Amino acid sequence: MSWQPELDELKRRQALVARMGGPDKVKRQHDGGRLTVRERIERLLDPGSFRELGSIAGKAAYDGKNDLADLMASNSVTGRGTIDGRPVAISGDDFTVRGGSADATIKEKNLLIEQMANEYRMPLIRLIEGSGGGGSVKTIETEGRANVPGVAGFDVVTANMGTVPVVALGLGSVAGLGAARLAAAHYSVMVKGLSAMFVAGPPVVARLGQPLSKEELGGWEIQLRAGAVDEAVDSEDDAFAAAKKFLSYMPQSAFELAARGPQQDDPKRREEKLLSVIPRDTRKVYAMRQIVNAVVDKGSFFEMGKLYGRAVITGLARLDGWPVAFMASDPMHYGGAWTSETCQKVTRFMDLAETFRLPMVYLEDCPGFLIGLEAEKSGVIRQGVRAMAAMHQITIPWCTVIVRNNFGVAGAAHRNTGRMAFRYAWPSGRWGSLPLEGGIEAAYRADIEAASDPKAKLAEIEDRLNKLRSPFRSAESFWIEEIIDPRDTRTLLCEFANLAAPVRQGKASFWMRP
């Protein structure tokens with residue numbers, strides 16, 4: 001007695017499913033410059049590590065003898081595997097079967113993977129291409145009824161944002177619920193020239209009188225500048241590499257702590273260029289990214305959200321091997337002033353750091369909130385106080401280095417004032433309720449107008465106030481804890497990371513929303 005006939009039948013069915021949408025649809029996928037879902041999984045995961053769930057799930061056709069005649073695969077491939085030896089849960093849309101639409105989806109497959117990631121605390125990766133929602137318009141006819149929209153299982157999707165690292169890769173056209181699944185992640189990626197994301201695609205939007213191409217409606221530049229997606233890369237392989245690198249900074253789940261990486265960079269390394277990187281002329285800008293790259297472990301800075309809320313740079317990095325969250329003002333954009341979009345970006349990034357217990361480093365050069373009519377129309381103050389509230393909710397270790405400006409309410413938002421935070425300033429540091437520029441004319445208008453030489457009087461007042469606002473005066477009163485040689489910044493940040501490592505504790509009391 002043997003069960004070999006049944007095993008042979010299992011293999012036959014698995015072979016039928018492995019055809020995906022068939023040779024013509026696979027060719028069409030390749031002709032479009034895109035990999036199939038199974039090729040994507042093979043390239044992303046460690047070789048031979050994929051363990052599929054639902055390997056023969058699909059729509060079967062039986063003959064008159066009730067024997068299997070054909071088996072069309074479900075358009076979702078799901079399972080688990082490893083990346084760099086770490087277990088992950090993975091789901092992938094198969095665009096070769098009904099264009100990734102719900103017409104051919106067995107929704108329980110994706111829901112099971114979400115639950116697996118949640119309960120077994122494994123990072124989750126979604127490979128998304130298609131709609132994945134209620135189906136196409138044709139579904140009304142094939143089902144004989146209209147679908148009542150629902151998002152069963154979105155409670156687990158939401159819970160996963162506070163439980164495991166979630167990565168979503170948009171690898172083609174993504175619409176409807178597919179777009180929602182792409183956005184509901186800690187890190188999301190599109191591929192330039194291949195990916196597009198929208199709530200509704202061009203044919204639907206054209207009915208509104210907006211005839212647009214996929215790129216014009218939801219191309220990577222549109223979505224990155226809107227903050228809906230974090231990154232765009234040149235190829236699918238680059239997307240897989242980005243996913244792996246993001247996960248390398250993350251713990252396995254929010255119940256664990258991120259592991260220390262390689263210690264290949266001297267924590268006492270000093271960069272001479274930091275001594276002169278900040279211009280003495282406060283009207284001149286400089287490249288903040290060169291400072292970031294100079295103080296973190298070499299090659300470790302992993303930027304996120306580069307085209308959105310650009311007054312603040314955000315990303316992950318390592319300090320003496322320890323993973324940290326990193327924020328830095330960018331004076332190239334609005335002089336580093338916080339816009340409404342910047343506030344939203346900062347809030348989301350702080351929530352990410354809190355969720356996964358990553359210590360935060362902030363290199364600050366902030367002249368305050370952006371001012372003017374457009375700033376007021378954007379609701380900058382509401383978004384600003386949300387960012388400040390998020391900052392005062394988080395419990396992660398924090399270190400701020402004031403490299404130049406710190407003015408106004410947004411400048412004040414550089415640490416949780418209810419908790420101990422390391423804080424240093426460079427000699428180039430400038431702070432106050434308002435910058436002197438422009439404020440002197442208002443505060444000393446009468447003195448200036450009454451002077452025989454108004455320009456000389458203004459220069460005299462500026463000189464006097466500049467001496468009074470010296471950072472050394474603040475340090476005398478302990479209003480700034482320590483002024484440092486900029487070349488010592490890396491050493492101090494590495495010391496901070498080592499001090500923070502043993503006090504990263506427990507699961508966060510709240511977690512980020514998409």
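Quick note: numbers below take in every heavy atom, side chains included, and nothing from hydrogens, waters or symmetry partners. This structure is a prediction, so every number in the text was calculated from the model and none was measured. Counting begins at 1 with the first residue of the sequence.
To the nearest 0.5 Å, the span separating CE on M190 from CG on L171 amounts to 10.0 Å. Atom OG1 of T158 is separated from atom CE of M161 by 8.5 Å, given to the nearest 0.5 angstrom. The CZ atom of R423 sits 11.5 Å away from the CH2 atom of W479 when rounded to the nearest 0.5 Å.
No side-chain donor-acceptor contact under 3.5 Å links Q344 to the backbone of T339. In this structure a side-chain-to-backbone donor-acceptor pair under 3.5 Å is missing from T163 to N118. In this structure a side-chain-to-backbone donor-acceptor pair under 3.5 Å is present from D297 to D320. In this structure, the side chain of H333 does not engage the main chain of D330 through any donor-acceptor pair within 3.5 Å. Not a single donor-acceptor pair under 3.5 Å links the side chain of E215 to the backbone N or O of A196. A donor-acceptor pair is defined here as one N or O able to donate and one able to accept, closer than 3.5 Å; such a pair exists between the side chain of E216 and the backbone of S213. Distance alone, capped at 3.5 Å, places no donor-acceptor pair between the S188 side chain and the A185 backbone. Under a 3.5 Å cut-off, the side chain of N416 and the backbone N or O of I394 do form a donor-acceptor pair. Between the side chain of S470 and the backbone N or O of F472, at least one donor-acceptor pair lies under 3.5 Å. Side-chain atoms of T82 do not come within 3.5 Å of backbone N or O of D46 as any donor-acceptor pair.
Two rings, from Y187 and F302, have their centers less than 6.0 Å apart. Checked against the 6.0 Å centroid criterion, the rings of F356 and H186 qualify as a close aromatic pair.
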(Q) Please determine whether side chain to side chain contact (heavy atoms under 4.5 Å, CB included) holds for the pair L363 and M288, giving the CA-CA distance in whole Å, both sets of side-chain angles, and the decisive distance to 0.1 Å. (A) CA-CA 9 Å; L363 304 186; M288 176 61 87; 4.2 Å; yes
Q | Step-by-step salt bridge (charged side-chain N to carboxylate O under 4.0 Å, His left out) determination, D266 to K268 | A | CA-CA 5 Å; D266 183 2; K268 297 186 181 299; over 6 Å; no
Q: Report the C-alpha separation of V324 and L358 in whole Å, then their side-chain angles, then the decisive distance to 0.1 Å, and conclude whether the side chain to side chain contact (heavy atoms under 4.5 Å, CB included) test is met.
A: CA-CA 5 Å; V324 296; L358 296 174; 5.9 Å; no
Q: Show the numbers, then the answer: is there a side chain to side chain contact (heavy atoms under 4.5 Å, CB included) between E271 and L274?
A: CA-CA 6 Å; E271 295 281 354; L274 297 182; 3.9 Å; yes
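Each of K192, R34, R40 was checked for a salt bridge (Lys or Arg N to Asp or Glu O under 4.0 Å) with E236, and the lone residue meeting it is R40. Only one option out of W322, F496, W398, F422 pairs with P359 in a side-chain contact (heavy atoms from CB on, under 4.5 Å); it is F496.
A 4.5 Å side-chain heavy-atom check between K214 and P202 finds at least one atom pair inside the cut-off. Side-chain contact between T282 and N405 is absent, with no heavy atoms from C-beta onward closer than 4.5 Å. Side-chain contact check for W426 versus I483: every heavy-atom pair is 4.5 Å or farther apart. A heavy-atom distance below 4.5 Å is not found between the side chains of S195 and Q223. Two residues are said to be in side-chain contact when any heavy atoms from C-beta on lie closer than 4.5 Å; M388 and V409 meet this criterion.
Heavy atoms of other residues, nucleotides or ligands lying less than 6.0 angstrom from CZ of R504 number more than 12. Sparse packing is recorded around OH of Y120, with 12 or fewer heavy atoms of other residues, nucleotides or ligands lying under 6.0 Å away. Environment of NZ in K244: crowded, with over 12 heavy atoms of neighbouring residues, nucleotides or ligands closer than 6.0 Å. Within 6.0 Å of the OH atom in Y286, the count of heavy atoms belonging to other residues, nucleotides or ligands exceeds 12. Under a cut-off of 6.0 angstrom, the local environment of CZ in R269 is crowded, with over 12 non-hydrogen atoms contributed by other residues, nucleotides or ligands. Counted within 6.0 Å of CG on L499, heavy atoms from surrounding residues, nucleotides or ligands total more than 12; the atom is thus considered enclosed.
Looking at R464 and E460, a side-chain N of the basic residue comes within less than 4.0 Å of a carboxylate O on the acidic one, giving a salt bridge. Note on E303 versus R289: salt bridge recorded, some NZ/NE/NH1/NH2 to OD/OE distance being below 4.0 Å. Checked for salt-bridge contact, D84 and R86 miss the test: no charged N lies under 4.0 Å from a carboxylate O. Between D485 and R487, at least one side-chain nitrogen of the basic residue sits less than 4.0 Å from a carboxylate oxygen of the acidic one, meeting the salt-bridge criterion. With respect to E476 and R473, no salt bridge is recorded, no charged nitrogen being found less than 4.0 Å from a carboxylate O. Salt-bridge check for K245 with D238: failed, with every basic side-chain N at 4.0 Å or more from each acidic carboxylate O. Between D237 and R43 there is a salt bridge, since a side-chain N of the basic residue sits under 4.0 Å from a carboxylate O of the acidic one. Ion pairing between a basic and an acidic side chain is recognised when a charged N comes within 4.0 Å of a carboxylate O; R318 and D265 show no such pairing.
Between S474 and W431, the side chains place a donor N or O and an acceptor N or O closer than 3.5 Å (distance only, hydrogens not considered). Looking only at atom types and distance, the side chain of W338 has no donor-acceptor partner in the side chain of S329 under 3.5 Å away. No hydrogens or angles considered: a donor-acceptor pair under 3.5 Å links the side chains of R357 and T395. When only modelled atom types and interatomic distance are considered, D488 and T491 share no side-chain donor-acceptor pair under 3.5 Å. If you check the side chains of S173 and E129, you find no donor sitting under 3.5 Å from an acceptor. For the 3.5 Å distance criterion, the side chains of H392 and R419 fail to qualify, holding no donor opposite an acceptor. Between the side chains of Y308 and D230, not a single donor N or O lies within less than 3.5 Å of an accepting N or O.
The two residues V296 and A317 make their nearest non-hydrogen contact at CG1-CB, 3.7 Å. Nearest heavy atom pair, residue P251 against residue L257, reads CB-C, 3.5 Å. Looking at every heavy atom in both residues, M250 comes nearest to A258 through C-CB, 4.1 Å. Summarising the geometry of P397 relative to V503, their closest heavy-atom pair is CG-CG2, 4.0 Å, with the distance given to 0.1 Å.
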Would you tabulate the side-chain donor-acceptor contacts of residues 121-128 under 3.5 Å, counting partners in other chains and residues two or more places apart, or write 'none'?
unit_1, atom_1, unit_2, atom_2, d
R126, NE, E114, OE2, 2.7
R126, NH1, R181, O, 2.8
R126, NH1, A184, O, 2.9
R126, NH2, E114, OE1, 3.4
R126, NH2, E114, OE2, 3.2

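The side-chain hydrogen bond (donor to acceptor under 3.5 Å, both in side chains) check on R415 picks up nothing, with sequence neighbours excluded.
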